[in-house]
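These numbers come from the heavy atoms of this one structure, side chains and all, not from hydrogens, waters or symmetry mates. One-based numbering, in listed order, for ligands and for the atoms of each. Note that this is a predicted model, so its numbers are computed, not measured.
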Amino acid sequence: MLSVRAMALGYRSIVAVRGIDLDVGAGELVAVIGANGAGKTTSLKGIAGALPVRAGSIVLDGEDITRLPVHERVRRGLSLVPEGRGIFARLTVAENLDMGAYLRRDAAGVLADLDRSYTLFPRLGERRRQLAGTLSGGEQQMLAIARALMGRPRLLLLDEPSMGLAPLVTQRIFDTIRSIAAERVSILLVEQNARAALELAARAYVLEGGCITLAGAAGELLSSDAVRRAYLGE
Ligand SMILES: Nc1ncnc2c1ncn2[C@@H]1O[C@H](COP(=O)(O)OP(=O)(O)OP(=O)(O)O)[C@@H](O)[C@H]1O
Ligand SMILES: [Mg+2]
């Protein structure tokens, strides 16, 4: 579904990502783990089109999307839930969810998906008229994911969905990610919480200093000495 080849990008004089290769198969849940500053967010920005790549290519379902603007990628089924969530604080929960469907023309389908959001996240249903800026951190994360799903993505890019959340809320978010994946939405999950990400994903990549240093089945990485020492605190 997604093939990234030799992708390099950065900020002015900084090269943050140095030619990475990465694949996500149809319906596959793939994790990227790495320390602060490793280039995880930058990689997702490149794939989503929020930051231009300097070298390499991004292919989605056989189509080269390397130079397409963000909205053209969204139209093709690619959706990013950014670090820090990016919800509209002054809009209500329901209005935020509507924004997520802005490219869609099937009103009935949008309504059905709105119901589905509230089934997936009952808390959002209870708070549909509440301003998003007044939601708790966990609720805002739920809203960000639900809003992305309103665009009916085929590939969801999630940047640190557990950031700043209590363990129980994190568990709830991860359960939801699992159920989204079960509906055949491909997921590329970036996480600091390496153990949880590796337990959730089928495959994973380790990013260090802008390079992929390890890749493989998530279960194998979980039991690898290098990963255990560097990322699982053992
Ligand atoms: N807007 C920016 N301008 C300049 N440098 C940046 C910018 N954003 C990120 N960087 C640098 O690029 C490198 C990679 O940053 P990135 O945000 O991709 O890391 P990350 O792996 O997502 O880290 P974290 O786990 O802390 O979110 C870092 O060295 C960072 O300082
Ligand atoms: Mg980041």
Side-chain angles (χ1 to χ4, degrees), residues 2-24 29-58 65-66 69-70 73 78-87 137-138 140-145 147-148 153 155-167 169-170 173-174 177 186-201 203-216 218 221-222 224 226-234:
L2 177 76
S3 314
V4 172
R5 290 293 171 271
M7 179 177 74
L9 67 167
Y11 310 88
R12 292 175 298 276
S13 60
I14 299 168
V15 184
V17 172
R18 302 164 187 279
I20 63 166
D21 291 350
L22 184 154
D23 290 274
V24 182
L29 206 172
V30 175
V32 176
I33 61 171
N36 292 120
K40 305 183 296 298
T41 295
T42 306
S43 300
L44 289 191
K45 283 184 188 167
I47 295 168
L51 191 67
V53 305
R54 292 180 180 170
S57 66
I58 305 164
I65 60 163
T66 315
V70 174
R73 300 186 201 207
L78 197 76
S79 186
L80 169 67
V81 178
E83 203 177 20
R85 299 155 196 154
I87 56 161
Q140 292 191 16
Q141 185 63 59
M142 293 172 197
L143 179 57
I145 295 173
R147 189 181 61 185
L155 173 60
L156 194 59
L157 310 175
L158 296 172
D159 196 353
E160 309 243 20
S162 78
M163 180 147 61
L165 304 184
V169 183
T170 297
I173 296 282
F174 280 175
I177 293 170
S186 307
I187 296 177
L188 185 59
L189 170 69
V190 159
E191 263 292 337
Q192 287 264 350
N193 189 340
R195 178 179 300 282
L198 291 176
E199 283 171 354
L200 200 62
R203 282 191 310 110
Y205 297 91
V206 177
L207 201 54
E208 282 178 49
C211 300
I212 286 172
T213 52
L214 271 173
L221 292 183
L222 257 180
S224 109
V227 170
R228 293 172 82 109
R229 268 196 308 273
Y231 300 105
L232 303 178
E234 291 176 10

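Nearest heavy-atom pair, Gly138 versus Ile173, reported as atom, atom and distance to 0.1 Å: O-CD1, 4.3 Å. When every heavy atom of Asn193 is checked against every heavy atom of Ser162, the shortest pair comes out as CB-OG, 3.9 Å. Between Ile20 and Gly210 the shortest heavy-atom distance is CG2-O, 3.6 Å.
Inside a 4.0 Å radius of atom 19 (O) of ligand 1 there is at least one protein heavy atom. In this structure, atom 30 (C) of ligand 1 is not in close contact with the protein, since no protein heavy atom lies within 4.0 Å of it.
One N or O on the side chain of Arg18 and one on the backbone of Gly209 form a donor-acceptor pair closer than 3.5 Å. No donor-acceptor pair under 3.5 Å is formed between the side chain of Lys45 and the backbone N or O of Gly10.
Annotation: side chain of Pro161 is not in contact with side chain of Val81 (no heavy-atom distance under 4.5 Å). With contacts defined as side-chain heavy-atom distances shorter than 4.5 Å, the pair Ser43/Val32 does not qualify. Counting heavy atoms from C-beta outward, Glu83 and Met163 have side chains that approach closer than 4.5 Å. Proximity of Leu232 to Leu222: side-chain heavy atoms (C-beta onward) are separated by under 4.5 Å at one or more points. Counting heavy atoms from C-beta outward, Tyr205 and Asp23 have side chains that approach closer than 4.5 Å. In this structure, the side chains of Val169 and Gln141 stay at 4.5 Å or more apart for every pair of heavy atoms. The side-chain heavy atoms of Asp159 and Pro82, taken from C-beta on, include no pair separated by under 4.5 Å. Residues Val227 and Arg195 form no side-chain contact, since every pair of their non-hydrogen atoms from C-beta on lies 4.5 Å or further apart.
Only the side chain of Ile14 comes within 4.0 Å of ligand 1, judged by heavy-atom distances. Under 4.0 angstrom from ligand 1, there are no non-hydrogen atoms of Ser43.
Ranking protein heavy atoms by distance to atom 14 (C) of ligand 1, first place goes to Gly37 O, 3.5 Å. Counting only heavy atoms of the protein, atom 17 (O) of ligand 1 lies nearest to Thr41 CB, 3.6 Å. Looking only at heavy atoms of the protein, atom 4 (C) of ligand 1 is closest to Tyr11 CB, 3.4 Å. Protein heavy atom in closest approach to atom 16 (P) of ligand 1: Thr42 OG1, 3.5 Å. The nearest heavy-atom contact from the protein to atom 26 (O) of ligand 1 is Asn36 ND2, 2.8 Å.
For ligand 1, the atoms closer than 4.0 angstrom to any heavy atom of Glu160 are 25 (O), 27 (O). Taking a cut-off of under 4.0 Å to the non-hydrogen atoms of Ala16, the atoms of ligand 1 that pass are 12 (O), 13 (C), 14 (C). Listed by number with element, the atoms of ligand 1 under 4.0 Å from a non-hydrogen atom of Gln192 are 24 (P), 25 (O).
Of the candidates Val190, Leu44, Ile145, Ile145 is the only one forming a side chain to side chain contact (heavy atoms under 4.5 Å, CB included) with Leu158.
For Gly10, the closest heavy-atom approach to ligand 1 does not fall below 4.0 Å. Remark: distances from the non-hydrogen atoms of Gly39 to ligand 1 include one below 4.0 Å. Residue contact check for ligand 1: Lys45 places no non-hydrogen atom closer than 4.0 Å to it.
By the criterion of a separation under 2.8 Å, the protein N/O/S atoms near the Mg ion (ligand 2) amount to Thr41 OG1, Glu83 OE2.
Between the choices Arg12, Lys40, Glu83, the shortest heavy-atom distance to atom 27 (O) of ligand 1 belongs to Glu83.
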